[in-house]
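Contents: one structure, followed by commentary.
Both ligands and their constituent atoms are indexed starting at 1 by order of listing. Nothing here was measured: the structure is a model prediction, and the numbers come from that model.
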Amino acid sequence: MTRRRFIANTWTDRTASLTGDQADHLARVLRAETGQIYDIVANGFVHRAEITTVRPGPNPEVEFTLHEELESDSTLPLHLLLAIFKFDHLEWGIEKATELGVARITPILARRTEKHLAQASAKRVERWRRIVLEASKQSRRSSIPEIADPTPLKTALATEASTIHILLSEVEQATPLRQALETHPTDSVALAIGPEGGWTPEELQLFHEHAWHSVTLGPRILRAETAAIAAVAVASSILSGTTFPQTSGRSPSAS
Ligand code: SAH
């Protein structure tokens, strides 16, 4: 069972406090007591938190000690397989996809990934992990997307576990992304975006063999990072109806 979740009104590294309506609800309606455990969003993350003080009355306050961070359910069930291309553009895409809620990004070593980028990527991945950490904090995500090590396409396709697999393709014309997601209701989606030079015919064949659905984002050729962001935005607008918890998107100061 999921525990009740509140968004802290104020917090420090180790403690959080609820005031106003939230504290009143906890103290009076839920009869909160010292030692009880709730989920508290503080610092942009969800923590398991233990009540240390309950003060009912006209200015109610409930104080907590923050324990470990919890996996979030505000993350979209989206796995982005992003071909490695020019790092500055790629990194912009990684940052924006994080803000938009992706759960996981796998940088793909594609045939048309430039050699020097492919070689540099094994080290660069640490920077990508720092970027998603910062973007997660900034966007008040309650979880940080996982960035896999750079992976050859073949390996990534063989191990992909999402329920539906979607290949963003600049040559597909028939099926828009939205339509593919609406005709295959799902609880998890993998989206693959090619490098600047696009996927090679052999790579397209490989996707085909693994039953990926080709979709279009429209009649224009987008830069890879634009395609990634647009695809995540479209997918999130369809998936988010069922997956965002009631607390997502509210800032602590708004409550
Ligand atoms: N080199 C190609 C374009 C590659 S664009 C050319 O100039 O013809 C890089 C990636 O962005 C593509 O592999 C695809 O995944 C995605 N992409 C770009 N435009 C798209 C569109 N209109 N619909 C779907 N995906 C697109």
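Below 3.5 Å of separation, one finds no N or O of R223 facing any N or O of ligand 1. Considering backbone and side-chain atoms alike, L217 places an N or O below 3.5 Å from some N or O of ligand 1. Any N or O atom pair closer than 3.5 Å counts here, and I221 shares no such pair with ligand 1. For A224, no nitrogen or oxygen atom sits less than 3.5 Å from a nitrogen or oxygen atom of ligand 1, counting backbone and side chain alike. For ligand 1, the polar-atom distance check against G218 finds a nitrogen or oxygen pair separated by under 3.5 Å.
When S169, G198, G194, G197 are ranked by how near their heavy atoms come to atom 25 (N) of ligand 1, first place goes to S169. Within the set E225, E196, R220, the minimum heavy-atom distance to atom 1 (N) of ligand 1 is found for E196. One option in I193, L82, L168, L177 has a heavy atom closer to atom 14 (C) of ligand 1 than any other, and that option is L168. By heavy-atom distance, the residue among Q173, E170, E203 lying nearest atom 2 (C) of ligand 1 is E170.
At the shortest separation from atom 18 (C) of ligand 1 among protein heavy atoms lies L222 O, 3.2 Å. Atom 17 (N) of ligand 1 has its closest protein heavy atom at A227 CB, 3.6 Å.
Through direct or indirect side-chain contacts shorter than 4.5 Å among Ile, Leu, Val, Met, Phe, Trp and Tyr, L167 is connected to L81, I108, L153, L157, W199, L204, L206, F207, W212.
Residue Q179 qualifies as enclosed at atom CD: its count of foreign heavy atoms under 6.0 Å is above 12. Under a cut-off of 6.0 angstrom, the local environment of NE2 in H208 is sparse, with at most 12 non-hydrogen atoms contributed by other residues, nucleotides or ligands. The 12-atom threshold is exceeded at CZ of R112, counting heavy atoms of other residues, nucleotides or ligands nearer than 6.0 Å.
Contact check on E225 versus K86 returns no salt bridge, with no Lys/Arg side-chain nitrogen under 4.0 Å from an Asp/Glu carboxylate oxygen. Look at R129 and D149 and you find a salt bridge, because one of the NZ, NE, NH1 or NH2 atoms lies within 4.0 Å of a carboxylate O, short of that distance.
Residue V215 places a heavy atom less than 4.0 Å from ligand 1. The closest approach between any non-hydrogen atom of A228 and ligand 1 is not below 4.0 Å.
No donor-acceptor pair closer than 3.5 Å links the side chain of T113 to the backbone N or O of L109. A donor-acceptor distance shorter than 3.5 angstrom exists from the side chain of Q22 to the backbone of I7, with no hydrogens or angles considered.
Between the side chains of E63 and T53, at least one donor N or O lies within less than 3.5 Å of an accepting N or O. For the residue pair E160 and H210, no side-chain donor N or O sits within less than 3.5 Å of a side-chain acceptor on the partner.
Each of the following atoms of ligand 1 lies closer than 4.0 Å to a heavy atom of T216: 23 (N), 24 (C).
Only the backbone of P195 comes within contact range of ligand 1, with a heavy atom under 4.0 Å; no side-chain atom does.
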